[in-house]
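The basis for the numbers below is simple: all heavy atoms, side chains too, and nothing from hydrogens, waters or symmetry mates. In this text the structure is predicted, and so the values were computed from the model without any measurement. Along the sequence shown, residues carry numbers from 1.
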Amino acid sequence: NKKDRLMKALFVHDHIFYTDGKQFYSDKLPYESWLRYLKNFGELIVFGRSKLDIEKTKQISISSGDKVKFEIGKSLNSIKSLVLYKNKERKKLEKLIENSDILIARNSMYGNMAIKIAQKLNKPYILEIVSCPFNSLWNYGSLKGKLVAPISKYNLKKIAFTSKYVHYVSQSFLQASYPSAKNAIVEKISNVEIPRLENEVLENRLDKIKQS
């Protein structure tokens with residue numbers, strides 16, 4: 001019974017976590033980032049990518065910690081990796097989503113993949129839009145980036161418009177570029193690392209999901 005146990009959340013993003021072989025570290029997602037989710041859930045599974053770099057781990061913050069478990073996916077940045085690993089990684093994500101109570105997905109290749117799976121499984125999820133993929137890819141400097149940019153923009157637009165709970169990390173720019181459905185519950189925060197404000201917003205949104 002979900003009401004009699006602490007619920008489990010799954011966080012999915014393409015972010016690269018550095019590891020020393022034992023724990024995970026990040027320059028953008030330290031352990032403190034997970035506390036806003038752990039205030040609402042008993043366990044958080046973090047799905048991302050990783051890189052073994054002991055020297056790098058000495059320069060950045062630890063991301064591992066109590067009640068946080070990491071699941072690592074392969075990089076899907078090349079045609080070869082997509083052919084070899086995409087289906088396997090999708091199946092891995094599907095199993096994780098099935099075994100979680102809610103999905104929290106940041107816009108990225110893996111995040112978008114996870115949302116499509118959650119929609120198929122009718123699993124509740126929150127979409128976090130923290131960047132504009134079109135701008136990131138178009139300004140990346142490569143021809144590949146410019147070719148992929150409009151496709152990525154279209155995919156995120158489609159996902160945002162079909163999501164019931166959307167969290168924008170901007171005051172208006174991302175909302176205008178990737179609008180949600182009219183009946184969606186939408187929150188906006190100027191910076192994801194403002195703990196006090198985001199905790200309050202996230203708690204309110206999660207309460208609405210649990211009550212629905």
Side-chain angles (χ1 to χ4, degrees), residues 9-17 26-41 44 46-49 60-61 63 68 102-119 123-142 145-212:
L10 171 66
F11 178 93
V12 178
H13 187 35
D14 282 7
H15 182 67
I16 297 176
F17 296 90
S26 173
D27 54 350
K28 295 181 179 179
L29 292 170
Y31 179 72
E32 288 73 17
S33 300
W34 312 132
L35 296 180
R36 55 180 170 268
Y37 304 115
L38 291 173
K39 290 187 69 174
N40 297 279
F41 299 99
L44 179 68
V46 176
F47 184 96
R49 296 180 293 163
I60 54 181
S61 301
S63 190
V68 176
I102 187 172
L103 166 69
I104 303 164
R106 288 195 177 179
N107 63 289
S108 58
M109 179 179 290
Y110 270 124
N112 296 350
M113 183 190 298
I115 286 178
K116 291 178 182 178
I117 295 171
Q119 290 174 336
K123 184 76 70 170
Y125 68 89
I126 296 173
L127 167 62
E128 293 189 344
I129 301 180
V130 300
S131 63
C132 174
F134 180 85
N135 287 351
S136 299
L137 291 166
W138 189 264
N139 296 320
Y140 186 71
S142 69
K146 286 180 167 52
L147 291 174
V148 174
I151 299 174
S152 297
K153 182 175 183 178
Y154 171 79
N155 288 337
L156 183 55
K157 273 180 171 287
K158 184 177 180 180
I159 289 173
F161 192 70
T162 56
S163 298
K164 292 174 61 178
Y165 305 93
V166 186
H167 171 198
Y168 293 97
V169 188
S170 70
Q171 290 299 315
S172 59
F173 172 72
L174 293 172
Q175 289 88 327
S177 299
Y178 306 97
S180 63
K182 291 183 179 179
N183 62 342
I185 296 176
V186 176
E187 302 290 353
K188 59 181 181 179
I189 296 178
S190 60
N191 191 315
V192 292
E193 298 305 328
I194 300 179
R196 183 176 179 182
L197 179 58
E198 179 157 345
N199 285 346
E200 294 172 358
V201 171
L202 181 63
E203 287 168 18
N204 291 337
R205 186 163 63 257
L206 290 173
D207 284 340
K208 293 176 182 176
I209 293 177
K210 291 175 185 177
Q211 294 169 9
S212 62

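Side-chain contact check for Tyr125 and Gln119: at least one donor-acceptor pair (N or O, by modelled atom type) lies under 3.5 Å. If you check the side chains of Ser61 and Tyr31, you find no donor sitting under 3.5 Å from an acceptor.
Between the CG atom in Leu29 and the OG atom in Ser63 there is a gap of 6.0 Å [rounded to 0.5 Å]. Taking CG of Asn107 as the reference point, atom CG of Asn155 lies at 11.5 Å (rounded to 0.5 Å). Note that CZ of Arg49 is 4.0 Å distant from CD1 of Ile16, once rounded to the nearest 0.5 Å. Note that CZ of Phe134 and NZ of Lys157 are 11.0 Å apart. Values are rounded to the nearest 0.5 Å. If you take CZ on Arg106 and CD1 on Ile115, they are separated by 12.5 Å, rounding to the nearest 0.5 Å. Annotation: the span from Ile102 atom CD1 to Leu10 atom CG amounts to 10.5 Å, rounded to 0.5 Å.
No donor-acceptor distance shorter than 3.5 angstrom exists from the side chain of Gln175 to the backbone of Tyr168, with no hydrogens or angles considered. A donor-acceptor pair under 3.5 Å is absent between the side-chain atoms of Ser108 and the main chain of His13, judged by distance alone. A donor-acceptor pair under 3.5 Å is absent between the side-chain atoms of Ser180 and the main chain of Ala184, judged by distance alone. A donor-acceptor contact shorter than 3.5 Å is absent between the side chain of Ser163 and the backbone of Tyr165. Panel note: side chain Ser177, backbone Leu174; no donor-acceptor pair is recorded below 3.5 Å. Checking side-chain atoms of Asn183 against main-chain N and O of Lys164 turns up no donor-acceptor pair under 3.5 Å. Checking side-chain atoms of Trp34 against main-chain N and O of Leu44 turns up no donor-acceptor pair under 3.5 Å.
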Let's go through Phe17 and Val46 carefully: what are the C-alpha distance in whole Å and the side-chain angles of both, what is the deciding distance for side chain to side chain contact (heavy atoms under 4.5 Å, CB included) to 0.1 Å, and is it a yes or a no?
CA-CA 10 Å; Phe17 296 90; Val46 176; 3.8 Å; yes
Under the side chain to side chain contact (heavy atoms under 4.5 Å, CB included) rule, what do Phe173 and Asn135 come out as? Steps first, then yes or no, please.
CA-CA 12 Å; Phe173 172 72; Asn135 287 351; 3.4 Å; yes
Hey, mind stepping through Ile185 and His167 against side chain to side chain contact (heavy atoms under 4.5 Å, CB included) and telling me if it holds?
CA-CA 9 Å; Ile185 296 176; His167 171 198; over 6 Å; no
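Looking at every heavy atom in both residues, Ala160 comes nearest to Val166 through O-CG2, 4.2 Å. Across all non-hydrogen atoms, the minimal contact from Gly111 to Asp14 is N-OD1, 4.3 Å. Contact between Pro150 and Lys146 at its shortest, heavy atoms only, is CD-O, 3.2 Å.
Remark: Lys158 NZ is loosely packed, at most 12 non-hydrogen atoms of other residues, nucleotides or ligands lying under 6.0 Å away.
Ring geometry for Tyr110 against Phe47 counts as perpendicular: the plane angle is over 60°, on a 0 to 90° scale with 30° as the lower cut. Between Tyr37 and Phe11, the ring-plane angle classifies as tilted under the 30° and 60° cut-offs.
Using a 4.5 Å heavy-atom cutoff, the side chains of Leu156 and Ile129 are in contact. Contact check for Glu128 versus Val12: no side-chain heavy atoms found under the 4.5 Å cut-off.
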